[in-house]
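In what follows, a single structure is set out as structure tokens and then discussed.
Order of the sequence lines sets the chain letters (A, B, ...), proteins ahead of strands, with each chain counted from 1. Values below: every heavy atom of this structure, side chains too, minus hydrogens, waters and symmetry copies.
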There are 2 protein chains.
Amino acid sequence: MGGGTTRTPRRRPLTRARVLRAAAEVADRSGLAGVTMRSVADVLGVEAMALYRHVSGKNDLLDALVEAVVEEINEACAADDTPADPDDWRPALRRRILTARAVLQGHPWAPALLGSHGTMSPALLRYFDRFGSILRRAGFSMDTAHHALHAFGTRALGFSSELFQPGSPAIEETEADPEAALADLAALSAELPFIAAMVGHLSHEAASTIGWCDDQAEFEFGLDLLLDGLELRRSR
Amino acid sequence: MGGGTTRTPRRRPLTRARVLRAAAEVADRSGLAGVTMRSVADVLGVEAMALYRHVSGKNDLLDALVEAVVEEINEACAADDTPADPDDWRPALRRRILTARAVLQGHPWAPALLGSHGTMSPALLRYFDRFGSILRRAGFSMDTAHHALHAFGTRALGFSSELFQPGSPAIEETEADPEAALADLAALSAELPFIAAMVGHLSHEAASTIGWCDDQAEFEFGLDLLLDGLELRRSR
DNA sequence: ACCTGAACACCGTTCAAGT
DNA sequence: ACCTGAACACCGTTCAAGT
């Protein structure tokens, strides 16, 4: 029973990589708001100030965190990058975007972080370079390829910032009381005729699906809208 | 010189509206991060705790702030809402979105706030109801109209979350030293051929414009891409 | 009724001190 | 060299106390 290793594994030296992994762990468990210098240090069995040796501050930590996620996307997309036939730009781009989406689904906090800390970083530049190259090889003009990158926005990385959620508390809250819900719907149809009709239309078919809307299907619909528009401009 | 009004105008009673106006004022001046219970109270010549009588907490304050902005958008869009000819859905939608964009340009902090506090509120429901109604009147199916709302995402409200900024520090930082910039561009074209070509292409025409990219033009390009895609689905 | 003071449990970050 | 303790200037929020 000599001085064996203690329960807290402080022996391994602290590294930037370990700090980032700890931060990702906290984010996965407690959300982005839970990521705190002190909470990250806790995971590592260390005091908050020890982190400052490997990270210049919280901003740097979060920047590095989003960079790591984008790197993960780049690796996932590296496999099938260049379409054999340049004319296959559409399925190539589509697959790339849906691969990025799949990676982000493993890190629910990443989209918000990309929004606030998404400056143009090396990993992001690499991602958009591959993205634009596919378009150029397919014969798109430089201008159109450039515009396309802007047009996709965050959708190029597999997520879309939506505000529109038909299954919102404002609509669902009275679900427990069917009569009140009907009265609400009546009041709704006076002031919000389209929303009311849509909710009525949805509830007829929603029995089969889990929620009101299928996020993946909605995402792909928007994606195809953009791809169609792009197709029209290919030879302009 | 009797007890006239003091310099600090505390006499007017505190109201929810005054609290919200003060918060917007702080946001306009110091950005979203500057909006603090204490800073808002300061503007009103009052202690932070006095706000809790009119606002249930900071979350409530921010929710109310975005609600006010969306109301402003709704008012701005109320003028020319229903197209005379239902077939004019495209210009009607386009105008609506660009009007929303113009309103948001007066509140630079609003997009970020819509992202974090954009739950489906009464004002937002009203906005999307008008939006969807235009589509329905034009003959779009309920499904397509519903999908369209998702597809536009925040773009329906006049802004797009972009990550792609060609004029980023990574590219521009060596601008002061032309030789180093050229060396960087050479290194860039090895690893980032598309980005390098695009930057070269941009700098030839950028002399006429202010920055690298014209935000408004890029926004409208993406908007028209989506409208084109929607047009294709009109009669499906 | 309306506002304030003092306090609590948090933040990020600094700096001198420990080992 | 690497980590810690104590401290600073902030947060949002509570609660009893003032007027």
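Atom NZ of B:Lys58 and atom C1' of C:dC11 are 12 Å apart (whole Å). Atoms CG (B:Asp42) and C1' (D:dC10) sit 13 Å apart, rounded to a whole Å. Between A:Arg38 atom CZ and D:dT4 atom C1' there is a gap of 13 Å when expressed in whole angstrom units. Between A:Leu44 atom CG and D:dC2 atom C1' there is a gap of 15 Å when expressed in whole angstrom units. Rounding to whole angstrom units, CD of residue B:Glu47 and C1' of C:dT4 are separated by 6 Å. In this entry the distance linking CZ of B:Arg16 with P of C:dC2 reads 15 Å, nearest Å.
One finds the NE2 atom of A:His146 at 5.0 Å from the CE atom of B:Met198 (value rounded to the nearest 0.5 Å).
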Give the table of side-chain donor-acceptor pairs shorter than 3.5 Å for residues 154-161 of chain B, with sequence neighbours excluded, one pair per line with atom names and distance.
| unit_1 | atom_1 | unit_2 | atom_2 | d |
| --- | --- | --- | --- | --- |
| B:Thr154 | OG1 | B:Phe159 | O | 3.1 |
| B:Arg155 | NH2 | A:Ala151 | O | 2.6 |
| B:Ser161 | OG | A:Ser161 | OG | 2.6 |

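Contacts of residues 59-69 of chain A with DNA chain D (heavy atom under 4.0 Å): none. Listed by residue number, there are no residues of residues 20-29 of chain B with a heavy-atom contact under 4.0 Å to DNA chain D.
Considering only residues two or more places apart in sequence or on other chains, A:Glu71 meets the side chain to side chain donor-acceptor pair (under 3.5 Å) condition with A:Arg126. Here B:Asp63 pairs with B:His117 under the side chain to side chain donor-acceptor pair (under 3.5 Å) rule; sequence neighbours left out. Residues passing the side-chain contact (heavy atoms from CB on, under 4.5 Å) test with B:Leu32, sequence neighbours excluded: B:Trp109, B:Ala112, B:Leu113. Listed by chain and number, the residues in a salt bridge (Lys or Arg N to Asp or Glu O under 4.0 Å) with A:Arg53 amount to none (sequence neighbours excluded). Take A:Asp215 and apply the side-chain contact (heavy atoms from CB on, under 4.5 Å) test, not counting sequence neighbours, and it matches A:Arg101. By the side-chain contact (heavy atoms from CB on, under 4.5 Å) test, A:Ala76 is found to be paired with A:Thr99, A:Val103, residues two or more places apart in sequence or in another chain being considered.
Contact between A:His107 and A:Pro111 at its shortest, heavy atoms only, is O-CD, 3.6 Å. Between B:Phe194 and A:Asp129, the shortest heavy-atom distance links the atoms N-OD1, 2.8 Å.
Heavy-atom distances to DNA chain C give each of A:Met37 and B:Ala48 a nearest nucleotide, and the one nearer the 5′ end belongs to B:Ala48.
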Find every protein N or O atom lying less than 3.5 Å from an N or O atom of nucleotides 14-19 of chain C, and list the pairs.
none

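A salt bridge is absent between A:Arg130 and A:Glu75: the closest approach of a Lys/Arg side-chain nitrogen to an acidic carboxylate oxygen does not fall below 4.0 angstrom.
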Kindly express the pairing pattern of DNA chain C in dot-bracket notation, using | wherever a base pairs with another strand and counting only Watson-Crick or G-U pairs under 3.5 Å. ||.|||||...|||||.||
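Under the 6.0 Å cut-off for aromatic ring centres, B:His150 and A:Phe164 qualify, their centroids lying closer than that.
For the salt bridge (charged side-chain N to carboxylate O under 4.0 Å, His left out) condition, the pairs that include at least one residue of residues 19-38 of chain B, sequence neighbours left out, are B:Glu25-B:Arg29.
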